[in-house]
Enquirer: 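The structure that follows is given in the form of structure tokens.
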Amino acid sequence: MRDGGPAAFTKQLKQLRGTPVVVNQWASWCPPCRAEFLIFQRLAATYGGRVAFVGVDMQDAREAALSFLRELPTPYPHYFDPDASIARLFGGGRVSPTTGFYDARGKLVFSHFGAYSDDAQLEAEIRRYVLG
């Protein structure tokens, strides 16, 4: 779990320029976040190398978040966001979960509010907004 707030998150996005990025805001206390986390695990493996994924743990207790990630590990980094300052950069912070889509130039092109119900729904938005 990375710290550093919006500055560190923005630096990460700059480092990923040239690759589309999907950012998922989640929290260990959020049942819809937990339900969709498996979808993100699978699609991060499917699209690895073509699309970068980043997680943002919003308004959560650090130990609860770390326990959540031990239970449901992902191949991508996660930022600790206790005050939702990172989540607000991509339209999050109001609805959990929220997912932001950045094109290869680093521009936010779409924000999805709420959980994905299945792989196909998230995959369709990846193809439409960042691979289209």
Side-chain angles (χ1 to χ4, degrees):
M1 181 85 57
R2 299 178 182 186
D3 290 309
F9 175 78
T10 301
K11 182 178 179 182
Q12 174 82 49
L13 290 180
K14 286 180 183 175
Q15 291 171 342
L16 291 169
R17 284 245 168 95
T19 303
V21 179
V22 175
V23 181
N24 178 243
Q25 169 209 300
W26 59 274
S28 65
W29 48 261
C30 168
C33 300
R34 182 174 289 276
E36 78 169 6
F37 218 75
L38 295 172
I39 296 168
F40 280 89
Q41 283 178 315
R42 288 189 294 268
L43 291 182
T46 298
Y47 285 97
R50 293 186 290 160
V51 176
F53 287 76
V54 176
V56 174
D57 173 45
M58 184 196 80
Q59 297 177 328
D60 207 351
R62 182 181 291 276
E63 189 48 48
L66 292 171
S67 177
F68 181 89
L69 289 174
R70 283 190 295 273
E71 180 185 338
L72 298 167
T74 64
Y76 52 88
H78 295 268
Y79 285 84
F80 186 60
D81 188 22
D83 62 359
S85 58
I86 296 172
R88 285 192 295 273
L89 295 175
F90 55 91
R94 295 170 290 171
V95 175
S96 289
T98 294
T99 303
F101 295 83
Y102 289 83
D103 66 16
R105 296 173 313 208
K107 180 181 182 227
L108 178 66
V109 293
F110 181 69
S111 294
H112 176 93
F113 303 103
Y116 288 98
S117 58
D118 57 36
D119 293 29
Q121 187 184 19
L122 175 56
E123 190 164 24
E125 291 193 346
I126 290 171
R127 289 181 179 179
R128 179 177 182 185
Y129 295 110
V130 299
L131 292 178

Enquirer: Could you tell me if the ring centre of Phe80 sits under 6.0 Å from that of His78?
Expert: no
Enquirer: With no hydrogens and no angle check, is any side-chain donor or acceptor of Thr99 less than 3.5 Å from a backbone partner on His112?
Expert: no
Enquirer: In sequence, state the C-alpha distance, the side-chain angles, and the governing distance for Glu36 and Asn24, and then conclude on side-chain hydrogen bond (donor to acceptor under 3.5 Å, both in side chains).
Expert: CA-CA 10 Å; Glu36 78 169 6; Asn24 178 243; 2.8 Å; yes
Enquirer: Please name all residues satisfying side-chain contact (heavy atoms from CB on, under 4.5 Å) with Arg50, sequence neighbours left out, ordered by chain then number.
Expert: Tyr47
Enquirer: Do Met58 and Met1 sit in one hydrophobic cluster, given that two such residues count as connected whenever their side-chain heavy atoms are within less than 4.5 Å of each other, even indirectly?
Expert: no
Enquirer: What distance separates Gln41 CD from Thr46 OG1, expressed to the nearest 0.5 Å?
Expert: 11.5 Å
Enquirer: Determine whether Pro97 and Phe37 make a side-chain contact, defined as any pair of heavy atoms from C-beta on separated by less than 4.5 Å.
Expert: no
Enquirer: Could you tell me the separation between the CD1 atom of Ile39 and the CG atom of Leu122, rounded to the nearest 0.5 Å?
Expert: 7.0 Å
Enquirer: Rounded to the nearest 0.5 Å, how far apart are OG of Ser96 and CH2 of Trp26?
Expert: 11.0 Å
Enquirer: How many angstroms lie between CD in Gln25 and CZ in Phe113, if you round to the nearest 0.5 Å?
Expert: 9.5 Å
Enquirer: Please determine whether the number of non-hydrogen atoms from other residues, nucleotides or ligands lying under 6.0 Å from atom CZ of Arg128 exceeds 12.
Expert: no
Enquirer: Linking I/L/V/M/F/W/Y whenever any side-chain heavy atoms sit under 4.5 Å apart, do Ile126 and Phe40 land together?
Expert: yes
Enquirer: Would you compute the distance between atom CG of Asp57 and atom CZ of Arg62 and round it to the nearest 0.5 angstrom?
Expert: 8.5 Å
Enquirer: Quick one: side-chain contact (heavy atoms from CB on, under 4.5 Å) partners of Ala64, sequence neighbours excluded?
Expert: Ser28, Asp60, Ala61
Enquirer: Closest approach of Pro82 and Gln59, non-hydrogen atoms and distance?
Expert: O-CG, 3.4 Å
Enquirer: Do you reckon Tyr129 sits in the same ILVMFWY cluster as Val22, going by side-chain contacts under 4.5 Å, direct or chained?
Expert: yes
Enquirer: Quick one: does NZ or CZ of Arg34 land under 6.0 Å from the six-membered ring centre of Phe68, within 45 degrees of the ring axis?
Expert: no
Enquirer: Starting from Leu131, can I reach Tyr76 by hopping between I/L/V/M/F/W/Y residues whose side chains sit under 4.5 Å apart?
Expert: yes
Enquirer: Show, in sequence, the C-alpha distance, side-chain angles and deciding distance for Arg88 and Asp81, and conclude whether the salt bridge (Lys or Arg N to Asp or Glu O under 4.0 Å) test is met.
Expert: CA-CA 10 Å; Arg88 285 192 295 273; Asp81 188 22; over 6 Å; no
Enquirer: For Arg105, does the CZ atom have more than 12 heavy-atom neighbours from other residues, nucleotides or ligands under 6.0 Å away?
Expert: no
Enquirer: Identify the heavy atoms of Thr98 and Phe90 that sit nearest to each other, and give their distance.
Expert: O-CE1, 3.9 Å
Enquirer: To the nearest 0.5 angstrom, please state how far the CZ atom of Phe9 sits from the CG atom of Leu89.
Expert: 6.5 Å
Enquirer: Let's go through Leu13 and Tyr102 carefully: what are the C-alpha distance in whole Å and the side-chain angles of both, what is the deciding distance for side-chain contact (heavy atoms from CB on, under 4.5 Å) to 0.1 Å, and is it a yes or a no?
Expert: CA-CA 9 Å; Leu13 290 180; Tyr102 289 83; 3.7 Å; yes
Enquirer: Could you see if Val54 belongs to whatever hydrophobic cluster contains Ile86? Use Ile, Leu, Val, Met, Phe, Trp, Tyr and a side-chain cutoff under 4.5 Å.
Expert: yes
